[in-house]
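These notes concern the structure reproduced below.
Atoms within each ligand, like the ligands themselves, are counted from 1 in listed order.
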Amino acid sequence: MNRLADFPRKKILVSPSLLAADFGCLESQITQVAAAGAEMLHLDVMDGALVPNISFGAPVIKALRKKSSLYFDVHLMIEHPLRYARMFREAGADLETFHIECADDIDAVIAAVHALGADVGISLKPATPAEAIFPYLDKIDLVLVMTVEPGFGGQSFMADQLPKVTAFRREIARRKLDVRIQVAGGVDGKTVGACAAAGAEIMVAGTAVFRHPQGMVAAVSSLKAARSALDADLH
Ligand code: DX5
């Protein structure tokens with residue numbers, strides 16, 4: 001599956017964040033995480049400008065593309081996504097999620113990513129209100145609510161961001177839009193239930209997957225256990 005529309009709705013999907021993986025053996029890590037039941041791979045691209053860290057770029061994604069058929073969920077924490085949209089698509093991105101706080105024209109980035117044949121998402125930092133993205137909801141495929149300050153893995157979950165997930169769920173339902181809600185940052189077996197209950201369907205988890213004491217299979221299934229909350233038709 002290489003489009004979001006190919007994935008079922010109202011089912012917890014897991015997109016492990018590669019940032020928490022062992023960078024010394026990425027191929028085996030992504031093979032293991034796919035075997036553990038992850039549907040996607042979350043690729044955190046950081047430029048040291050939009051966020052205070054630098055991670056990896058298109059060459060790494062291009063190398064991993066040859067090794068995996070997972071849906072590549074690329075999170076562009078960069079100032080100028082418009083400048084790099086083609087580069088990441090050609091490297092193998094299936095989804096390009098950029099930040100509402102970036103320096104580029106939002107509509108231009110949405111149009112560019114769609115013109116390249118990829119899905120497009122918008123993400124927001126904790127200080128940014130959900131309403132900042134409302135004007136674009138009818139043009140995008142996904143919204144990513146950060147539940148940490150973006151830039152690093154392994155941080156504590158910010159429960160005060162969950163009302164934003166609910167606000168998106170309500171606005172999407174009110175306008176009868178088809179937009180997926182994703183959360184990232186401190187998502188684990190303990191916090192995933194609240195994320196699903198608020199309306200998130202795609203769970204990004206780095207530490208909770210790649211560094212789970214019982215391994216990746218246990219980690220992925222603990223995240224999918226939240227499905228019961230979701231199936232309670234909270235949407
Ligand atoms: C943070 C990244 C997240 C993070 C998630 O800037 O966007 O994807 O890596 O990692 P954990 O699950 O360890 O918080």
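In summary, the side chains of D188 and H212 do not present any donor paired with an acceptor at a separation below 3.5 Å, with no hydrogens or angles considered. Using modelled atom types, one finds no donor on one side chain facing an acceptor on the other under 3.5 Å when comparing S55 with D44.
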Side chain to side chain donor-acceptor pair (under 3.5 Å) evaluation trace for E39 with S15: CA-CA 6 Å; E39 287 89 0; S15 189; over 6 Å; no

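Of the possible polar contacts, none joining the D107 side chain to the I110 backbone as a donor-acceptor pair under 3.5 Å is found. With S123 contributing its side chain and L144 its backbone, the two residues share a donor-acceptor pair below 3.5 Å. Using a distance-only test at 3.5 Å, with no hydrogens or angles considered, no donor-acceptor pair links the side chain of K125 to the main chain of I100. For D119 (side chain) and L4 (main-chain N/O), a donor-acceptor pair under 3.5 Å exists by modelled atom type.
Under a 4.0 Å N-O distance rule, the pair K10/E201 does not qualify as a salt bridge.
Scanning the protein heavy atoms around atom 6 (O) of ligand 1, the nearest turns out to be G151 N, 2.7 Å. Counting protein heavy atoms only, atom 1 (C) of ligand 1 is closest to F152 O, 3.5 Å. With hydrogens left out, the protein atom closest to atom 8 (O) of ligand 1 is D44 OD2, 2.8 Å, a heavy atom.
Ligand 1 places these atoms under 4.0 Å from at least one heavy atom of H75: 7 (O). Of all the atoms in ligand 1, the ones that sit under 4.0 Å from a non-hydrogen atom of A205 are 12 (O). Listed by number with element, the atoms of ligand 1 under 4.0 Å from a non-hydrogen atom of M46 are 6 (O). Of all atoms in ligand 1, listed by their number and element, those nearer than 4.0 Å to a heavy atom of G185 are 14 (O). For ligand 1, the atoms closer than 4.0 angstrom to any heavy atom of V204 are 8 (O). Distances below 4.0 Å separate heavy atoms of H42 from the following atoms of ligand 1: 8 (O). Within ligand 1, the atoms closer than 4.0 Å to a non-hydrogen atom of P150 are 6 (O), numbered from 1 in the order shown.
Some N or O of T207 is nearer than 3.5 Å to an N or O of ligand 1, by distance alone. Residue L19 has no nitrogen or oxygen atom sitting less than 3.5 Å from a nitrogen or oxygen atom of ligand 1, judged on distance alone. At a 3.5 angstrom cut-off on N or O pairs, G154 counts as close to ligand 1.
More than 12 heavy atoms of other residues, nucleotides or ligands lie within 6.0 Å of CZ in R65, so this atom counts as buried by the packing criterion.
At least one heavy atom of M146 sits less than 4.0 Å from an atom of ligand 1. Note on ligand 1: A20 sits outside its first shell, no heavy atom being nearer than 4.0 Å. Taking a 4.0 Å cut-off on heavy atoms, M77 registers as neighbouring ligand 1.
Using a 4.5 Å heavy-atom cutoff, the side chains of V74 and L95 are not in contact.
The proximity of S17 to ligand 1, defined as any non-hydrogen pair under 4.0 Å, is limited to the side chain.
Compare G186, S123, G206 by their heavy atoms: the one nearest to atom 14 (O) of ligand 1 is in G186.
Aromatic rings from Y71 and F7 are positioned such that their centres are separated by under 6.0 Å.
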